Q: 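Below you'll find the structure I mean.
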Amino acid sequence: LADVLHHAVETVQPRIADLRALSAEYERVKAALRKLQSDPADADAHLAVGTFYALHKGQWTVGLPHLARGSDKELAALAQKEIAHPAEGSEQVAIGDAWWNLGEHHPGPAKAIMQRHAADWYRTAKNSIEGLTLTRINARLADEGNAPPPAPPGPGAKPLAEPDPH
């Protein structure tokens with residue numbers, strides 16, 4: 001029993017720390033959302049909102065447009081490429097690779113969220129790719145399948161939404 005409890009504590013403590021960090025980040029995001037109401041072109045506010053929704057929550061449809069308008073040039077360029085919905089398999093793999101590689105440089109849940117997103121792009125491209133590229137993305141898909149699942153939302157949790165700008 002002691003081993004089970006010890007394992008449970010080791011499993012839960014990092015998730016609690018992640019949730020505390022996410023809660024603190026959301027306070028900054030609320031300020032950024034207010035800033036965007038008064039200055040819709042504020043690149044730093046877009047970056048804060050986009051990072052929170054896409055990279056921390058995995059809500060890509062909400063986060064990508066903000067990242068595309070954000071102050072981080074690398075993230076903005078990648079988000080713009082993704083928003084363009086490329087049909088070519090090699091372009092889809094390039095977007096997946098970019099998210100995968102960015103994930104390698106982020107600790108904690110952001111890494112898993114980015115690499116899951118990359119895996120979505122790999123699955124989209126898979127039927128039009130062959131050779132070494134296909135072998136590489138299959139290996140990454142296998143790695144992604146071994147990643148720990150995201151923490152489920154708590155009881156009564158609702159998706160966060162942006163305030164209505166009108």
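Position 1 is the first residue of the sequence; numbering continues from there. Keep in mind the model is a prediction, meaning the values are calculated, not measured.
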Q: What is the ring orientation for Phe52 with Tyr26, classed by angle as parallel under 30°, tilted 30 to 60°, or perpendicular over 60°?
A: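 If you compare the ring of Phe52 with that of Tyr26, the planes turn out tilted.
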Q: State, to 0.1 Å, how close Ala79 and Ala68 come at their nearest heavy-atom pair, and which atoms those are.
A: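 Taking every non-hydrogen atom into account, CB-N, 3.6 Å.
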Q: I need the His106 NE2 to Thr51 OG1 distance, nearest 0.5 Å.
A: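 His106 NE2 to Thr51 OG1: 7.5 Å, rounded to 0.5 Å.
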Q: How many angstroms lie between atom CH2 of Trp99 and atom CZ of Arg116, to the nearest 0.5 angstrom?
A: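 Interatomic distance, Trp99 CH2 to Arg116 CZ, rounded to 0.5 Å: 15.0 Å.
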Q: Output all residues satisfying side-chain hydrogen bond (donor to acceptor under 3.5 Å, both in side chains) with Lys35, sequence neighbours left out; order by chain, then residue number.
A: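 Result, side-chain hydrogen bond (donor to acceptor under 3.5 Å, both in side chains) vs Lys35: none returned.
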Q: Hey, mind stepping through His117 and Glu82 against side-chain contact (heavy atoms from CB on, under 4.5 Å) and telling me if it holds?
A: CA-CA 11 Å; His117 189 61; Glu82 180 164 343; 2.6 Å; yes
Q: State, to 0.1 Å, how close Tyr122 and Val93 come at their nearest heavy-atom pair, and which atoms those are.
A: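 The answer is CE2-O, 3.8 Å.
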Q: So do Pro65 and Tyr53 actually touch side chain to side chain, heavy atoms under 4.5 Å?
A: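 Sidechains of Pro65 and Tyr53: no contact.
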Q: Restricting to side-chain hydrogen bond (donor to acceptor under 3.5 Å, both in side chains), what partner residues turn up for Ser71, sequence neighbours left out?
A: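 Result, side-chain hydrogen bond (donor to acceptor under 3.5 Å, both in side chains) vs Ser71: Asp44.
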Q: So which atom in Ala110 and which in His56 form the shortest heavy-atom distance, rounded to 0.1 Å?
A: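 Scanning both residues completely, I find the closest heavy atoms to be CB-CD2, 4.2 Å.
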Q: How long is the gap from CG on Leu102 to CG on Asp97, to the nearest 0.5 Å?
A: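 Atom-to-atom, Leu102:CG and Asp97:CG are 11.0 Å apart.
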Q: Show the numbers, then the answer: is there a side-chain contact (heavy atoms from CB on, under 4.5 Å) between Arg140 and Trp100?
A: CA-CA 9 Å; Arg140 285 187 170 179; Trp100 189 277; 3.3 Å; yes
Q: Distance check, rounded to the nearest 0.5 Å: Asp120 atom CG versus Gln92 atom CD?
A: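 Interatomic distance, Asp120 CG to Gln92 CD, rounded to 0.5 Å: 11.5 Å.
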Q: Who pairs with His46 by side chain to side chain contact (heavy atoms under 4.5 Å, CB included), at least two apart in sequence or on another chain?
A: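 Scan of His46 (side chain to side chain contact (heavy atoms under 4.5 Å, CB included), adjacent residues dropped) gives Leu36, His66, Arg69.
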Q: Between Gln80 and Leu67, is any pair of side-chain heavy atoms under 4.5 Å apart?
A: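 A side-chain contact is absent here, since even the closest heavy-atom pair is not under 4.5 Å.
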Q: Counting heavy atoms not belonging to Glu104, are there more than 12 under 6.0 Å from its CD?
A: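 More than 12 within 6.0 Å, yes.
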Q: Quick check for you: to the nearest 0.5 Å, what is the distance between His85 atom NE2 and Thr124 atom OG1?
A: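 Reported value, rounded in 0.5 Å steps: 11.0 Å.
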Q: Taking all non-hydrogen atoms of both residues into account, name the closest pair between Leu47 and Leu75 and its distance.
A: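 Of all heavy-atom pairs spanning Leu47 and Leu75, the closest is CD1-CD1, 4.0 Å.
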Q: So, for Ala76 and Gly70, which heavy atoms are closest and what is the spacing to 0.1 Å?
A: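 For Ala76 versus Gly70, the nearest heavy atoms are CB-O, 4.0 Å.
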Q: Output all residues satisfying side-chain hydrogen bond (donor to acceptor under 3.5 Å, both in side chains) with Lys126, sequence neighbours left out; order by chain, then residue number.
A: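 With sequence neighbours excluded, Lys126 shows a side-chain hydrogen bond (donor to acceptor under 3.5 Å, both in side chains) to Asn138, given in chain and number order.
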Q: Could I get the full list of side chain to side chain contact (heavy atoms under 4.5 Å, CB included) partners for Ser90, not counting sequence neighbours?
A: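 Per chain and number, Ser90 pairs via side chain to side chain contact (heavy atoms under 4.5 Å, CB included) with Glu88.
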Q: Please tell me if the side chains of Trp60 and Leu55 come closer than 4.5 Å, counting only heavy atoms from C-beta onward.
A: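 Side chain of Trp60 against side chain of Leu55, heavy atoms only: contact under 4.5 Å found.
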Q: Which pair of non-hydrogen atoms, one from Ala32 and one from Ala48, has the smallest distance, and what is that distance?
A: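 Minimum heavy-atom separation between Ala32 and Ala48: CB-CB, 3.9 Å.
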Q: Among residues at least two apart in sequence or on other chains, which ones pass side-chain hydrogen bond (donor to acceptor under 3.5 Å, both in side chains) with Asp42?
A: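 For Asp42, no residue satisfies side-chain hydrogen bond (donor to acceptor under 3.5 Å, both in side chains) once neighbours in sequence are set aside.
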Q: Could you grab the distance from atom OG1 of Thr135 to atom CD of Glu130, nearest 0.5 Å is fine?
A: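 Reported value, rounded in 0.5 Å steps: 10.5 Å.
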